[in-house]
Asks: 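Encoded as structure tokens, here's the structure I'll be asking about.
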Protein chains: 2
Amino acid sequence: MDPIEVFKALSNESRLQILQWLKEPEKHFVPHEGVDMRTIGVCVSQVTDKLNMTQSTASQYLSILQRAGLIRTERIGKYTYYKRDEEKISELAAYLNQEL
Amino acid sequence: MDPIEVFKALSNESRLQILQWLKEPEKHFVPHEGVDMRTIGVCVSQVTDKLNMTQSTASQYLSILQRAGLIRTERIGKYTYYKRDEEKISELAAYLNQEL
DNA sequence: ATATTATATCTACATTTCTCGATATGTCAA
DNA sequence: TTGACATATCGAGAAATGTAGATATAATAT
């Protein structure tokens, strides 16, 4: 885990927002293709709709969160689903407690 | 606490470094005027010497950490001492565990 | 009062980040 | 195969950040 990369990813209101939305996805996103948001995740379009930004920006933000290790991706058909990587997020908390 | 401001402050190698040095100041800084680094802190010159950067940059970085609430300042004579604000840092850890 | 030292602030330039529109790529449906 | 849709990537301009030098301010020492 590169803490600098993680902190940079978290240094943006919208990206922090996305991560929080993904904590309880069914509370924040409209259902989609009958997939279980909790286990599969939400797709880029769902995030784009909720952010007030373009598809391009939403896709890039999700990439940044993924490269930082905070979310995981799974492609199903033409959709790409993203969900939180709770293990990595716990590692971050552990880093904060130990190193910081 | 403004988490975005905090994450921004932590998104820089040198500033993260400073915060870690301040965890065990006597291991990382040369003594100064006989002050107890643990209770009083370290002054801008000590940080400047250890960073490989200018006094201007060191002072600015310390300000950023302070505005983010991660360190506290105390002026004694012509020196300004900085030390960690452990309470605020714990708040950050709590934020991570609850909100993030 | 003046010189010296420590720190803060101002200005500036280079680099990075933000955000978009345009376009490419991947996948499915007809 | 073509068309439609979802996503990713590219290129660009505006804004923010990184970092330095110059200078201002504050405190001390002579």
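Below, read A as the first sequence line, B as the second, and so on, with proteins coming before strands; counting in each chain starts at 1. These numbers were taken from a predicted model, which means no experiment stands behind them.
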Asks: Distance alone, cut at 3.5 Å: any donor-acceptor contact between the side chains of A:Ser59 and A:Ser56?
Replies: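 No - no donor-acceptor pair under 3.5 Å links their side chains.
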Asks: Taking DNA chain D as the partner, which of residues 22-39 of chain B come within under 4.0 angstrom of it by heavy atom?
Replies: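 Those residues: none at all.
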Asks: Within a radius of less than 6.0 Å around CG of B:Asn52, do more than 12 heavy atoms belonging to other residues, nucleotides or ligands occur?
Replies: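 Atom CG in B:Asn52 is not packed in, count stays at 12 or less.
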Asks: Taking the minimum atom-to-atom distance to the side chain of B:Thr80, which one of D:dA6, C:dA8, C:dT19 wins?
Replies: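 Closest nucleotide among those given: C:dA8.
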Asks: How long is the line joining OH of A:Tyr81 and P of D:dA8, in whole Å?
Replies: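 Going from OH in A:Tyr81 over to P in D:dA8 covers 12 Å.
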Asks: Nearest-Å distance, CD1 (B:Ile64) to C1' (C:dA8)?
Replies: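 Interatomic distance, CD1 of B:Ile64 to C1' of C:dA8: 13 Å.
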Asks: Could you tell me the separation between the CD1 atom of B:Ile18 and the C1' atom of D:dG18, rounded to a whole number of Å?
Replies: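 Taking atom C1' of D:dG18 as the reference, CD1 of B:Ile18 is at 13 Å.
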Asks: Against B:Leu10, only a single residue in A:Leu10, A:Val6, A:Ile4, A:Leu100 fulfils side chain to side chain contact (heavy atoms under 4.5 Å, CB included); can you say which?
Replies: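 Per the side chain to side chain contact (heavy atoms under 4.5 Å, CB included) rule, the option paired with B:Leu10 is A:Leu100, out of A:Leu10, A:Val6, A:Ile4, A:Leu100.
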Asks: Measure from NZ on A:Lys78 to P on D:dA8 and round the result to the nearest Å.
Replies: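 To the nearest whole Å, that distance equals 14 Å.
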Asks: Give a yes/no on whether any side-chain N or O of A:Lys8 is located under 4.0 angstrom from OP1 or OP2 of C:dT17.
Replies: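 True: A:Lys8 side-chain N/O within range (under 4.0 Å) of C:dT17 OP1/OP2.
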Asks: If I take atom CG in residue B:Leu62 and atom P in nucleotide D:dG18, what distance separates them, rounded to the nearest angstrom?
Replies: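 From B:Leu62 CG to D:dG18 P: 14 Å.
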Asks: Under a 3.5 Å cutoff, is there a donor and acceptor pairing between the side chains of A:Thr54 and A:Thr57?
Replies: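 Yes, because at least one side-chain N or O of A:Thr54 sits under 3.5 Å from a partner of the opposite role on A:Thr57.
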Asks: Using atom CD of B:Gln66 as one end and atom C1' of C:dT9 as the other, report the distance to the nearest whole Å.
Replies: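 In whole Å, C:dT9 C1' lies 15 Å from B:Gln66 CD.
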Asks: To check you understand the geometry: which heavy-atom pair defines the closest contact between B:Phe7 and A:Leu16, and what is its length?
Replies: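 That closest heavy-atom pairing would be CE1-CD1, 4.0 Å.
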Asks: Are B:Val35 and B:Val47 grouped together when hydrophobic residues (ILVMFWY) are joined by side-chain heavy atoms under 4.5 angstrom apart?
Replies: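 No.
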Asks: Using atom CZ of A:Arg75 as one end and atom P of D:dA8 as the other, report the distance to the nearest whole Å.
Replies: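 Atom-to-atom, A:Arg75 to D:dA8, this comes out as 6 Å.
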Asks: Between B:Ile76 and B:Tyr81, is there a side-chain heavy-atom distance shorter than 4.5 Å?
Replies: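 Side chain of B:Tyr81 against side chain of B:Ile76, heavy atoms only: contact under 4.5 Å found.
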Asks: I'd like to know whether CD of A:Glu33 has more than 12 heavy-atom contacts from other residues, nucleotides or ligands below 6.0 angstrom.
Replies: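 Yes, CD of A:Glu33 has more than 12 neighbouring heavy atoms, counting only those of other groups under 6.0 Å.
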Asks: Distance check: side-chain N/O of B:Arg15 vs OP1/OP2 of D:dG18, anything under 4.0 Å?
Replies: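 Affirmative; the distance criterion is met.
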Asks: Expressed as a whole number of angstroms, how long is the span from A:Tyr79:OH to D:dA6:C1'?
Replies: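 Distance check: A:Tyr79 OH to D:dA6 C1' gives 7 Å.
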Asks: Does A:Ser45 place a side-chain N or O at less than 4.0 Å from the phosphate oxygens OP1/OP2 of D:dT7?
Replies: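 Yes, within the criterion.
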Asks: Please tell me if B:Tyr82 has a side-chain N or O lying less than 4.0 Å from either OP1 or OP2 of C:dA6.
Replies: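 It does not, given that no N or O in the side chain of B:Tyr82 lies less than 4.0 Å from OP1 or OP2 of C:dA6.
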Asks: Taking atom types as modelled, find out whether B:Ser11 and A:Ser11 have a side-chain donor-acceptor pair closer than 3.5 angstrom.
Replies: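 On atom types as modelled, these side chains qualify, holding a pair under 3.5 Å.
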Asks: OP1 or OP2 of D:dG18 versus the side-chain N and O atoms of B:Asn12: is any pair under 4.0 Å?
Replies: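 So the side-chain polar atoms of B:Asn12 do come within 4.0 Å of the phosphate oxygens OP1 or OP2 of D:dG18, strictly under.
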Asks: Taking only the side-chain heavy atoms of B:Ser59 (C-beta and beyond), determine which of C:dT9, C:dT16, D:dT7 contains the nearest atom.
Replies: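 Among the listed nucleotides, the one closest to the side chain of B:Ser59 is C:dT9.
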Asks: Using a 4.0 Å cut-off on heavy atoms, which residues in residues 47-57 of chain A reach DNA chain D? List them by number, or say none.
Replies: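 Heavy-atom cutoff 4.0 Å gives A:Gln55, A:Ser56.
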